Each structure stands twice: as C-alpha cells, then as structure tokens.
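Here is how names work: the chains are called A, B, and so on, in the same order as the sequence lines, proteins then strands, and each is numbered from 1. Please read all numbers here as calculations on a predicted model, not as lab measurements.
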2 protein chains.
Amino acid sequence: MSTSPNTFTGEYSYTVDPKGRVNIPAKFRQALTPENNNTFAITKGMDRCIWVYPFVEWNKVLEKLRNEPSSQVNRAFTREYSRFASIASYDKQGRILLTSELITFAGLDRQVTIIGMINKIEIWNPNILKNFDQQIESEHTDAFDELAEKIIL
Amino acid sequence: MSTSPNTFTGEYSYTVDPKGRVNIPAKFRQALTPENNNTFAITKGMDRCIWVYPFVEWNKVLEKLRNEPSSQVNRAFTREYSRFASIASYDKQGRILLTSELITFAGLDRQVTIIGMINKIEIWNPNILKNFDQQIESEHTDAFDELAEKIIL
DNA sequence: GATTATTACCCACTATTACCCACAATTCTA
DNA sequence: TAGAATTGTGGGTAATAGTGGGTAATAATC
C-alpha cells in the first residue's frame, strides 16, 4: 500500500446491491479519506461514469467555481455541475450509497468496474467501458502514441 | 455533517403544499443555519428561481451592494434585489413558508426542484428549469466546454 | 368588541434512510 | 497449512425525513 498520497491505481470488480450500495476497494479507502473524516465527493463524470473525489481535490474544484464571476452562463454551468454532486461517506462496511440519478446516468447494472484514475476514482458499467475504450482507441491511435512518447519513462 | 462550511450540492424534489410551505432538504439545514439561530435570507434569484442564502453569504452580497457607488442604475438594481428579500426561518419540520410573490415570480407549481449551488440554494419549477438549461447549454456550448477544461480536475 | 382571516405551532402518518448485525469469501500471519 | 483477521455482500430494524392537516394565537376588518 501507500504510494504517494491520494493516488488511485488499479481496476476492481464489485456489485451494486438493490439498495444502491457499492463497495469502495479497501485499497482506496485510506487515500480517499486521508484525514479520517470519512467524507468525500461523488459526482457525474465527463464520460459516462461516476467520479469519486477525495475532499481535497473536490475543494479545489469548488474554489475555482467560486472565483468565476456570476454570469448567467457561469451560473448554469455551476448548476449542472453541482446538481449531481453530493458529499458522501461510507458505512461501517466501507460502502457508499449511489443516488438513482447517478446509477441511471452511468447505466449501472449489478456488476461494476471501479478504476483508480490517479487523483480520483471512476465507477463504470463494464460493458459501456469496453465499448467506450475500443471506440476512443481506434479513433485516436495517433494521439495515444504521441502521449505515450511524451509521458512514459 | 462537516463538509466545508456552507456548501450546498445535489438536487432534490419536493412539494409546495397549499399553505405555501416547502421542505428544505435535511442535508442543507446545518449549512443554512450554522449558528443554529434558525434564520436565513430568501429572495428572488437572477434566473427564474428563488434563492436562499445562509446569513454569512447574504451579508457578503449586502457588503458588495454597499460598496458600489450610488448611481441611478445601481440604486435601481439594489432596489430590485432588495425589495423581495426577507429573513425567514423554518418550522419544526424543517419547512419554510414562501410568499405568494415569490411563488408567482418563480412560477412554482406543486412540484419543485431544489438545487445546491455551492454557496446558496435554488428553488425551481422543474419544467422552467429544464427549458432554461437546455436553452443556455445549446446557446453557449463553447463557454461550457471552456469552463469544464478550466475547472474540472 | 365581535367576527373573520391569516399565520404560526403542534401532532400524526408514511416512506425513506441510516445503522446494525450476520455470514461467506478472501487474504494475512504465524 | 491452520487459524485469525479483513473484505465483500445481504438483509432487518430503528431512526429520521417528508407530507398533510388541525387548532390555537395573532392580526385585520367591520
């Protein structure tokens, strides 16, 4: 365990029970709630998945939103961003409760794939994820190669 | 439940009863009245909705209004913003009483959508909200994309 | 001052949520 | 490898939240 702080990597398979509860991988828990205050943020992702942020990361986003002037467009954006977000905490078994809106949005079925995305966690329907990946990868092979050259040591 | 102070997120569905009462989501109550004095500010929003502020945030607005030079336009703005503002408190069940002016202004029907907007709360007619959002988002797709890039982590 | 209208307070019912316990499966440890 | 601890999953129950309506207190009207 214990890589650099708040760093999520790896892929895990879990189930959403009838009450909408999903387990957070035990290996993610310490990084998700480092101060042991037991709270973090859940929201819609930009792709068709759910994002889970440690509180520190979430507050960075909020800070940026607050600093935008209150124009009509900015209000609309904040609204869109905020309405599916919630502050959550896990129960004694380490699970979180997903709202039905989020479940619908991410197209979640019983089985879900949870992925560590460095500074946040993603929750996917495995099938949607598979299709999504195949599509992006085939459409953007060049971009993939370029990024690899740039980044990989 | 100790998030960052006065932070509202998420979307909730409630009903306005014949007496004009609406529930404030339980999750908002502590952030709305952190000092447990049970009072807060309620006013017309800039969009077609009702805004509910914790006192701390409301006072920031007042402060800014005060610091504007007293031009005719500014006075008119202050007047418009101030005339429908009132100090409210919730009853033992956690509801607030809306004036008929506010209900008319926001076009409220039985069903309302309550949205956490980071530092304040918005009360909408769900249909008006839907149309409003669609319109803004389609007219300002670029601005939305820019903001997303700038803000989302 | 009596009557009516309006507001605020109180109580009650139902649905939802949070909390608790249980147990199987897996991993860790000695 | 056997026992112990941790992890993943399920379900029951107590507590809370959301909604409605009645009644007393207050204000308004005549």
Rounded at 0.5 Å granularity, tell me how far [atom1] in [X] sits from [atom2] in [Y].
{"X": "Leu32(B)", "Y": "Tyr53(B)", "atom1": "CG", "atom2": "OH", "result": "12.5 Å"}
{"X": "Ile123(A)", "Y": "Tyr12(A)", "atom1": "CD1", "atom2": "OH", "result": "14.0 Å"}
{"X": "Thr7(A)", "Y": "Asn119(A)", "atom1": "OG1", "atom2": "CG", "result": "8.5 Å"}

**OP:** Enumerate the residue pairs fulfilling salt bridge (charged side-chain N to carboxylate O under 4.0 Å, His left out) with a member in residues 45-62 of chain B, sequence neighbours excluded, ordered by first and then second residue.
**Re:**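 Applying salt bridge (charged side-chain N to carboxylate O under 4.0 Å, His left out) to every pair that reaches into residues 45-62 of chain B, excluding sequence neighbours, yields Arg75(A)-Asp47(B), Arg79(A)-Asp47(B), Glu57(B)-Lys60(B).
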Let me know the distance between [atom1] of [X] and [atom2] of [N], rounded to the nearest Å.
{"X": "Tyr90(B)", "N": "dG18(D)", "atom1": "OH", "atom2": "C1'", "result": "15 Å"}
{"X": "Ile96(B)", "N": "dC9(C)", "atom1": "CD1", "atom2": "P", "result": "15 Å"}
{"X": "Gln30(A)", "N": "dT7(D)", "atom1": "CD", "atom2": "C1'", "result": "16 Å"}
{"X": "Tyr14(B)", "N": "dA15(C)", "atom1": "OH", "atom2": "P", "result": "17 Å"}
{"X": "Tyr12(B)", "N": "dT19(D)", "atom1": "OH", "atom2": "C1'", "result": "18 Å"}
{"X": "Lys92(B)", "N": "dA17(D)", "atom1": "NZ", "atom2": "P", "result": "15 Å"}
{"X": "Ile114(B)", "N": "dG18(D)", "atom1": "CD1", "atom2": "C1'", "result": "11 Å"}
{"X": "Lys27(B)", "N": "dG18(D)", "atom1": "NZ", "atom2": "C1'", "result": "14 Å"}

**OP:** Starting at the 5' end of nucleotides 10-16 of chain D, put B wherever the base has a protein heavy atom under 4.0 Å, S where only the sugar-phosphate does, and a dash everywhere else.
**Re:** BBB----
Original post:
Are the side chains of Glu146(A) and Glu149(A) in touch, meaning some heavy atoms are under 4.5 Å apart?
Top reply: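 When only atoms from C-beta onward are counted, Glu149(A) and Glu146(A) do not touch, as no gap falls below 4.5 Å.
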Original post:
Does the side chain of Asn23(A) come within less than 4.5 Å of Arg29(A)'s, by heavy atoms?
Top reply: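 In contact.
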**OP:** Go through dT7(D), dT9(D), dC10(C) for me and flag the one nearest to the Arg29(A) side chain.
**Re:**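 Out of dT7(D), dT9(D), dC10(C), the nucleotide with an atom closest to Arg29(A)'s side chain is dT7(D).
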